[in-house]
Amino acid sequence: METAGDQRPLRVAVLGCGSVGSQVVRLLQDQSGDLAARIGAPLELAGVAVRRLDAPREVEVPPGLLTTDATGLVARDDVDLVVEVIGGIEPARTLILSALEHGCSVVTANKALLAEDGPTLFEAAEKVGRDLYYEAAVAGAIPILRPLRESLAGDRVTRVIGIVNGTTNFILDKMDTAGSGFAEALEEAQELGYAEADPTADVEGFDAAAKAAILASLAFHSRVTAADVHREGITDVTAADMASARAMGAVVKLLAIAELRPPTEPGGDETVAVRVHPAMIPRSHPLASVREAYNAVFVESEAAGQLMFYGPGAGGAPTASAVLGDLVTVARNQRASTRGMVESAYADRAVLPMGETVTRYHVAIDVDDRTGVLAAVAAAFAEHDVSLRTVRQEGRGDDAQLVVVSHEATDAALAATVAHLQGMEMVREISSVMRVEGESE
Ligand code: HSE
């Protein structure tokens, strides 16, 4: 067992030297004195695994430390801690498992892997008594996983609503403030380096869904995977949706929502509803003020009430900040031969199917402007047991539009109502359908 007087360096292997990895290497070098003081022993770079030795890099890696042999690096006897910032499922999973088997604690930013196969990694860490920390996997620099896991461990979290994808927030913000269409806003995001050349993971909501699964697992002490998350991206959000939102004092955001739902039948168990989709939220909601590529996570819990965590959700240095924070903790734990808090999945709550999840819809319907149309539209909602909260008419004659906001109903009932409306002869077009969040009923 190592003791407080033991000043032997802890040797760190970094897997990946892209925008995050290079900033991890930089901070390890630039902050070495402070890191040593905080840990009680120096952190020493043991090696940096890369795909190509000659690729251009943002940071100078000391000669001899670069290697293309990641498998060999994590198996070395002189490596104590491993940082995985390669991303993707393989080879990251095999490398993390090997690192743990070789007795290293691991820090990773890999949301896709954690959301797909987290339990395999947690069980491997448990087996060898090492830490697996991953603060950087959700919302970059923002401390949100540790607050959920540790600070709120004595409370009961009931809902988490996050803007956890900066690219889509940037695009929606441009559509709102500059009146851009989706394609134009995406192009601007790509020019500024917020969006990748292939933006699918961001704009189709895959990235946010992985983060939603991680947030839901921690908040509700259950195992939730990316496949459990209902996912809709922002590619179908139109200028008409933006205008409709503006007209009712709302803004459109891509939200990752995880909430505790009451039992669906007497004596049943609580469930977890997890979804990612664009939604209208009131401009007065704290999440509406999250602009450009920033992220924020809004947490509701029984005792604490409402909390919001805000900051940069991506980028090399901000993400490296979260990685280094974890690295200090796992290094201290390893020196003290202890571990931090481990996976907590005791509640084992089931995930509620999206159709049974309770939501509210905003529907803008272009209709004929004549007697009985409003009554027929209202009757369609009533037929599916959906109660209306507000109805207003915009325009008249050929420009007549009914804008309906429902009360809460199951998502299946609301979707059936929209399908019903689409088949009505007095309905010319449904110009906007979007869920409404962030308002109490
Ligand atoms: N691509 C993500 C974003 C950052 O746009 O927020 C990494 O998860």
Side-chain angles (χ1 to χ4, degrees), residues 15-24 58 83-89 92 107-116 118 133-145 160-176 182 185-218 226 229 231-235 237 252-258 276-278 287 290-298 309-323 325-326:
L15 310 181
C17 199
S19 63
V20 178
S22 56
Q23 292 303 315
V24 170
E58 289 170 25
V83 172
E84 185 275 310
V85 282
I86 303 172
I89 306 300
V107 175
T108 175
N110 195 329
K111 69 217 133 203
L113 176 56
L114 287 158
E116 182 173 308
Y133 270 49
Y134 50 98
E135 182 64 66
V138 179
I142 305 173
I144 178 60
L145 303 190
V160 179
I161 308 182
I163 293 174
V164 290
N165 183 270
T167 307
T168 46
N169 201 54
F170 179 88
I171 292 171
L172 293 172
D173 190 41
K174 285 294 155 204
M175 290 175 74
D176 178 48
F182 170 76
L186 170 61
E187 208 176 296
E188 190 178 345
Q190 284 171 324
E191 274 162 20
L192 292 170
Y194 291 128
E196 312 255 344
D198 175 1
T200 312
D202 293 319
V203 299
E204 296 293 359
F206 290 101
D207 175 80
K211 293 165 179 169
I214 295 170
L215 289 169
S217 302
L218 283 169
V229 181
R231 175 191 53 78
E232 294 170 31
I234 63 161
T235 50
V237 176
V252 177
K253 295 289 187 190
L254 182 71
L255 300 180
I257 303 171
V276 167
H277 54 68
L287 286 172
V290 179
R291 302 278 315 276
E292 305 208 314
Y294 282 90
N295 283 195
V297 184
F298 189 76
F309 301 82
Y310 169 88
T319 309
S321 161
V323 169
D326 279 352

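Order of listing sets the numbers, starting from 1, for every ligand and every atom in it. The residues of the chain are indexed from 1 along the displayed sequence. These figures come from a predicted structure and were not determined experimentally.
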Chemist: Enter the distance from Phe170:CZ to Arg291:CZ here, rounded to the nearest 0.5 Å.
Modeler: 10.5 Å
Chemist: So, taking the atom named CD1 in Ile161 and the one named CG in Leu255, what distance separates them when rounded to the nearest 0.5 Å?
Modeler: 6.5 Å
Chemist: For ligand 1, which atoms, with element, lie under 4.0 Å from some heavy atom of Gly166?
Modeler: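 Heavy-atom distances to Gly166 below 4.0 Å select 3 (C), 5 (O), 6 (O).
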Chemist: Using a 6.0 Å cut-off, check whether atom CD of Gln190 has over 12 heavy atoms from anything other than its own residue.
Modeler: yes
Chemist: Can you find an N or O of Asp207 that's nearer than 3.5 Å to an N or O of ligand 1?
Modeler: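 Such a contact does occur with ligand 1.
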Chemist: Working to the nearest 0.5 angstrom, can you tell me the gap between Gln23 CD and Glu58 CD?
Modeler: 5.5 Å
Chemist: Looking only at protein heavy atoms, which one is nearest to atom 1 (N) of ligand 1, and how far off is it?
Modeler: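 Result for atom 1 (N) of ligand 1: Asp202 OD1, 2.9 Å.
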Chemist: Does ligand 1 have an atom that lies less than 4.0 angstrom from a heavy atom of Lys211?
Modeler: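 Lys211: in contact with ligand 1 (<4.0 Å).
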Chemist: Please test Val290 against Asp173 for side-chain contact (heavy atoms from CB on, under 4.5 Å), starting from the C-alpha separation and ending with a verdict.
Modeler: CA-CA 9 Å; Val290 179; Asp173 190 41; over 6 Å; no
Chemist: What is the nearest protein non-hydrogen atom to atom 5 (O) of ligand 1, stated with its residue, atom name and distance?
Modeler: Thr167 OG1, 2.5 Å
Chemist: In ligand 1, which numbered atoms sit nearer than 4.0 Å to a non-hydrogen atom of Lys111?
Modeler: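 Checking each atom against Lys111, I get 7 (C), 8 (O).
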Chemist: Counting only heavy atoms not in Tyr294 (residues, nucleotides, ligands), do more than 12 fall under 6.0 Å from its OH?
Modeler: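 Not more than 12 within 6.0 Å, no.
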Chemist: State the atoms of ligand 1, each with its element, that fall below the 4.0 Å cut-off from a heavy-atom position in Ala314.
Modeler: 4 (C)
